[in-house]
Structures are given as C-alpha cells and as structure tokens.
Amino acid sequence: MAVCIAVIAKENYPLYIRSIPAEHELKFHYTVHTSLDVVDEKVSAMGKALVDQRELYLGLLYPTEDYKVYGYVTNSKVKFVMVVDSSNTALRDNEIRSMFRKLHNSYTDVMCNPFYNPGDRIHSRAFDNMVTSMMVQGC
Amino acid sequence: MADETLFQLLHTEVVAAAYGGGRGSGDEGQRNGLTVLEGMGFRVGQGLAERLPRGALVFKEELDTIKFLCRDLWGAVFRKQTDNLRTNHQGTYILQDNNFPFLTQMAWGQQYLEEAPKFLAFTCGLLRGTLSALGIESSVTASVASLPACKFQVVIQKA
C-alpha cells in the first residue's frame, strides 16, 4: 500500500505529490526530494552501460526502517516516485511494476488532455482518483 | 484503413481554419497561420511522445532517435516511412518523403508550390514536439521542390 506518490518533472520540480496520512506530509516530501539523487544516479549509470533495452522501472531506490522508495522514469524524463510502508507484507515486485504502469497510463492520459499544459501541476480528477485507489488498496 | 483519410481530411480543414475568416490575408496573416499550425503540431508531438513504445527509447545517439522518428513516428501517423534520411553528422538531418500524404491529393508538380508550406507546418511542429519531449531541442523547417515530394530539415540546437 503506497503512502506517498509523487510525479516529478524533467527539471526536478514536483508536478503532483500526495501522501497519506496527512500529518507526515513534510517527511514524505523530504524523502521524495532526497530520492531524486538516487534516481539521477541510476539513470546516468544505465545510460553508460551498453544495454539495448533500458528498463523504465528503476526498482527499489533505498530502504529505511519504516518504508521503501521505488522509482520509475518515463520516455520524457518525468519521474514517478512511490513510497510504500514496509510494515505490511512486502509488496511483490510485479505489483509495484503494475502500479507504476497504471500511473504511467494515467499520466499519458493527462498529457494528452488538450487543456493541460506540459509543466503545470496536475489537477486532473481522474488522476487523483487513480492515485487514491492505489493508496487505499494497493494494486 | 479509414483512419488515414480521416486524419488527412481533418488536417485539411485545420489548415483552412487557421487561414480562414480574413485572418489569412497579407503577410502577417500568413505568418500567424503558420505559427498556429506549428504550435498545434508541437503540442500533439509532446502528447504522442508519451504514447510511444515504452522503454524502446534508449538511444545512445541522436541519429538513432532521428531514425526512430523516420520509421516509427511516420509509421504511426502516416502509415508509411520516410524515404530518405541524410545527415551531416553535425546536428543537421534531412528527412525526405517522396509521397507525403498531406500533399498527394493536390496536383503533382509545381502548380501549388506556394500553398504547400501551409500543409507542412503541422508536421514540422509534430517533429519538433516529439523531439522536445524526448529531450532534444531542435528547429524544423520544410521545403518542397515538386509536389508531393518534400523534405524536412531538422537542426539540433546545441546546449
């Protein structure tokens, strides 16, 4: 069950960030911010390695005692960062991947919305609902 | 099959609308029309870049990205590939299409040479938008020597 989901633009400012429960919001914002460094490191490392197919899913960025942070990068260098609670049974890798895939699909829909300007914060209700469903029940 | 025709017809109307209602008269009107069309193409290109095959975009070189544009983007939008790609290996690429779908319905040859740029502006924007969403800033211009063959010149801006 995700406790915080963030969408970060190419220039490393947040397009969308939401966390539950609300009182730890600042802590999660800080966590997401620090995880951006790890994301950049992974992306540049993959660029140098001669792999034919680069994975968009970056995997576990770093674990702490309370929670784990996962990352995902899209074609246009928009990053998704997800913080999940470690206390409940660890979500399997596939589940995290499928959550990111759903996120990516919703983000693509937002991108194709003619009323959305790339680079603005995301206000789409459909995106909100999808994120809520992921936070409440996992996948 | 019908998708291509629909898109061509829609595009024709978009061009007509950009220039219609007296807006298209005079040099300034012409320039505005081209800018509007190019801007439209840019936004569409950005959205299209998100929908392209995920993870298939690890390109070590710009040339690979341009080749991808020639094959997959053209294939997705026009159901064909560009006929020729030339480069000077210093950031300039020329994509040549000998049978450009938006121009095939007009008389072949030189008759409509002046009107042709209007029908290429959207595609220029499309190329620029897709490249920009993939992280490459560029400027795209188009030229026509004889319908329906046309060339798109992509110049990559060095940071």
Side-chain angles (χ1 to χ4, degrees), chain A residues 7-12 15-16 39-40 42-59 71-80 93-94 96-120 122 124 126-127 130, chain B residues 3 6-7 10-11 13-14 17-18 35-77 122 125-138 156-157 159:
Chain A
V7 178
I8 317 284
K10 185 164 46 170
E11 293 85 6
N12 288 336
L15 293 174
Y16 182 88
V39 170
D40 278 338
K42 289 213 176 216
V43 167
S44 60
M46 279 196 291
K48 293 200 189 73
L50 293 172
V51 284
D52 288 325
Q53 166 98 344
R54 182 186 65 183
E55 282 281 333
L56 296 180
Y57 172 67
L58 299 173
Y72 182 98
V73 167
T74 69
N75 298 333
S76 46
K77 305 284 183 296
V78 168
K79 310 163 189 58
F80 299 142
D93 205 48
N94 313 1
I96 306 278
R97 279 178 198 261
S98 63
M99 283 164 86
F100 273 126
R101 213 167 327 154
K102 270 173 48 173
L103 255 181
H104 195 174
N105 288 339
S106 295
Y107 175 73
T108 312
D109 289 338
V110 165
M111 194 58 173
C112 293
N113 179 359
F115 297 111
Y116 171 74
N117 296 319
D120 291 349
I122 297 179
S124 155
F127 194 78
M130 194 265 329
Chain B
D3 298 341
L6 286 175
F7 183 44
L10 183 64
H11 178 261
E13 284 308 308
V14 164
T35 318
V36 163
L37 288 169
E38 216 257 354
M40 264 193 239
F42 184 81
R43 183 69 184 88
V44 171
Q46 285 182 317
L48 201 55
E50 286 291 327
R51 292 218 179 256
L52 296 172
R54 318 270 173 74
L57 292 165
V58 64
F59 296 121
K60 299 191 244 347
E61 289 182 16
E62 272 167 13
L63 184 57
D64 289 330
T65 318
I66 306 286
K67 280 200 268 194
F68 165 80
L69 281 189
C70 289
R71 276 194 295 262
D72 295 307
L73 182 68
W74 235 251
V77 178
F122 181 86
L126 187 69
L127 281 168
R128 192 166 66 91
T130 313
L131 282 170
S132 154
L134 296 174
I136 302 174
E137 292 302 320
S138 59
I156 312 283
Q157 322 280 26

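Lettering of chains follows the sequences in order, A, B, ..., and the numbering in each one begins at 1.
- Using a 4.5 Å cut-off between heavy atoms, D109(A) contacts chain B through both its backbone and its side chain.
- When every heavy atom of A133(B) is checked against every heavy atom of S76(A), the shortest pair comes out as O-CB, 2.9 Å.
- Going from atom CG of L134(B) over to atom OG1 of T74(A) covers 9.5 Å, rounded to the nearest 0.5 Å.
- For the residue pair Q46(B) and P118(A), the shortest heavy atom distance occurs at OE1-CG, 3.1 Å.
- Residues R51(B) and N105(A) form no side-chain contact, since every pair of their non-hydrogen atoms from C-beta on lies 4.5 Å or further apart.
- Only the side chain of Y107(A) comes within contact range of chain B, judged by heavy atoms closer than 4.5 Å.
- Interatomic distance, H104(A) NE2 to E50(B) CD, rounded to the nearest 0.5 Å: 5.0 Å.
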